[in-house]
There are 2 protein chains.
Amino acid sequence: MTAVRVLLADDEHLIRGALAALLALEDDLVVVAEAASGAEALAMARAHRPDVAVLDLQMPGGPDGVKVATSLRDELPSCRTMIVTSHGRPGHLKRALSAGVRGFVPKTVSAQRLAEIIRAVHAGNRYVDPELAADAISAGDSPLTAREAEVLEFAADGAPIAEIAERASLSQGTVRNYLSAAAAKLGAENRHTAVRLARERGWV
Amino acid sequence: MTAVRVLLADDEHLIRGALAALLALEDDLVVVAEAASGAEALAMARAHRPDVAVLDLQMPGGPDGVKVATSLRDELPSCRTMIVTSHGRPGHLKRALSAGVRGFVPKTVSAQRLAEIIRAVHAGNRYVDPELAADAISAGDSPLTAREAEVLEFAADGAPIAEIAERASLSQGTVRNYLSAAAAKLGAENRHTAVRLARERGWV
DNA sequence: CGCCCCCGATGACAAATGTCATCGGCCCCC
DNA sequence: GGGGGCCGATGACATTTGTCATCGGGGGCG
């Protein structure tokens with residue numbers, strides 16, 4: 001049996017290197033490429049055609065782990081993808097699964113566990129951390145309509161209504177209506193807490 | 001020469017374990033204890049009396065890396081402390097330095113580099129990542145008064161003025177005045193962006 | 001001591017925001 | 001064809017928030 005070829009993508013050199021070292025201890029796994037960004041991960045994947053891509057969810061600058069997974073599904077269907085993340089937001093899990101990701105684990109797992117999961121994913125199985133799965137289920141589906149979510153995103157940095165309206169190419173009144181509706185659905189008393197709640201639930 | 005005894009504290013098992021494995025490769029370093037939380041780190045430090053404590057800045061629940069460093073300075077003056085962090089906010093660096101931390105590095109450094117820095121810190125030197133240092137200098141000192149910063153923290157989750165006033169035991173008018181002053185100093189157009197800016201600069 | 005700054009508060013006013021009702025257009029689906 | 005939902009907008013209104021002037025008290029400092 002030939003070893004599983006793994007691509008590692010994580011912006012934190014410390015973690016990436018350490019991870020590579022630990023996975024190297026497993027003699028049925030071989031890290032064939034490392035990347036420090038989403039863009040780099042894509043390039044590496046094209047060049048090395050790994051069996052499994054282990055992607056950090058949040059990477060600076062370009063595409064995040066889920067975006068990379070989406071691209072990989074199209075470009076390299078033979079490559080299974082999995083996401084590793086520090087903060088497990090429920091919505092991220094959903095996004096990831098619909099991007100064809102087959103493994104989703106928090107960084108709190110041990111290296112042994114990760115190695116097992118890589119093998120499972122490579123074998124075609126799926127693995128989702130039970131706790132994250134429970135969170136995602138309890139968080140449920142987003143009650144927000146497309147525009148509500150969109151406007152909420154524009155509101156994310158605390159911008160005033162006028163600016164949101166401009167960026168969304170909408171009337172200020174319309175923006176206020178959407179924000180009001182979104183806040184009501186989320187049980188928030190103003191748009192700022194609404195943004196926070198939506199972020200926590202992974203709905204933006 | 002006897003090996004440097006290191007305490008590792010990081011909530012992410014994956015990183016902690018991997019780090020321990022990498023540092024173990026350096027034959028003048030020995031990881032004598034690992035901790036997954038601030039509280040645990042303190043307990044471990046008391047029990048094992050390490051030469052150097054490598055602390056993650058953000059840990060869930062209890063005390064963060066800086067708080068641990070503060071406690072360690074009092075309880076275990078012989079133990080040098082250093083902070084490792086993912087997101088390098090300028091203010092954190094300042095807080096850390098005034099807590100007696102002697103090393104401050106982002107997780108983007110390599111393990112070799114980290115090992116060198118641990119040795120430097122153990123030898124009594126200080127090390128601060130140049131990029132983070134530059135950010136901290138350019139961010140400058142907080143222009144906020146104590147109460148302004150305090151009120152801004154209460155405003156951090158988007159709560160309405162009434163709630164902030166209650167939590168801060170202040171009049172609503174006073175709260176509005178402080179928030180207005182803080183927003184003006186930060187160049188923000190409302191308290192929510194003020195909160196965001198203050199966070200970015202590490203002033204809250 | 002006088003000066004300055006911070007604290008905490010009040011009042012008044014303007015501006016931004018939240019809330020609600022209502023409209024027309026569109027699309028999907030029964 | 002007729003709901004029903006989402007989209008986008010408007011108007012009116014109440015509430016919240018931001019802004020400013022002002023006051024009194026207290027502590028530090030030349």
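All of these numbers come straight from a predicted model, not from anything done at the bench. Sequence lines set the chain letters: A, B, ... in the order given, protein chains first and strands last, and positions in each chain run from 1.
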**Q.** Counterpart residues, side-chain contact (heavy atoms from CB on, under 4.5 Å), relative to A/R49 (two or more places apart)
**A.** A/L76

Q) Taking only residues two or more places apart in sequence, or in another chain, which ones meet A/K185 in a side-chain contact (heavy atoms from CB on, under 4.5 Å)? A) A/P143, A/L144, A/T145, A/E148

Q: Verify the contact: side-chain N or O of A/T145 to OP1 or OP2 of D/dG5, cut-off strictly under 4.0 Å; return yes or no.
A: no

Q: Taking side-chain contact (heavy atoms from CB on, under 4.5 Å) as the test, write out the residues that go with B/E200, two or more places apart.
A: B/R196, B/L197

Q.
Expressed as a whole number of angstroms, how long is the span from B/Y178:OH to C/dT10:P?
A. 13 Å

(Q) So, using side-chain contact (heavy atoms from CB on, under 4.5 Å) as the criterion, who are the partners of A/A35 when residues are at least two apart? (A) A/A9, A/E40, A/A41, A/M44

Q.
Generate the contact string for nucleotides 16-23 of chain C. Rules: B means base contact, S means sugar-phosphate contact only, - means no protein heavy atom under 4.0 Å.
A. -BBBBB--

(Q) Any side-chain to backbone donor/acceptor pair from A/D51 onto A/H122? Under 3.5 Å, distance only. (A) no

Q: Could you list all the side chain to side chain donor-acceptor pair (under 3.5 Å) pairs where at least one residue sits in residues 157-167 of chain B, not counting sequence neighbours?
A: B/D157-B/R167

What nitrogen or oxygen pairs link the protein and nucleotides 26-30 of chain C at under 3.5 Å?
none

Q: Mind listing the residues from residues 147-154 of chain B sitting with a heavy atom below 4.0 Å of DNA chain C? Number order is fine.
A: B/R147

Q: Scan residues 55-79 of chain B for pairs that pass ring-ring contact (aromatic ring centres under 6.0 Å, His included), counting only residues two or more places apart or in two chains.
A: none

Q: Inspect the surroundings of CZ in A/R199 and state if more than 12 heavy atoms from other residues, nucleotides or ligands are less than 6.0 Å away.
A: no

**Q.** All salt bridge (Lys or Arg N to Asp or Glu O under 4.0 Å) counterparts of A/R102, not counting sequence neighbours
**A.** none

Q) Does A/K107 pair with A/D56 as a salt bridge, N-O distance under 4.0 Å? A) yes

Q: Determine whether B/T81 and B/R73 make a side-chain contact, defined as any pair of heavy atoms from C-beta on separated by less than 4.5 Å.
A: no

**Q.** ring-ring contact (aromatic ring centres under 6.0 Å, His included) pairs, two or more places apart, involving residues 134-170 of chain A
**A.** none

Q: Inspect the contact between B/E116 and B/R119 and indicate whether a charged nitrogen and a carboxylate oxygen are less than 4.0 angstrom apart.
A: no

Q | Five-pair end axes of the helix from C/dC1-D/dG30 to C/dC30-D/dG1, angle between them (10°) | A | 30°

Q: State whether B/T174 places a side-chain N or O below 4.0 Å from either non-bridging phosphate oxygen (OP1 or OP2) of C/dC7.
A: no

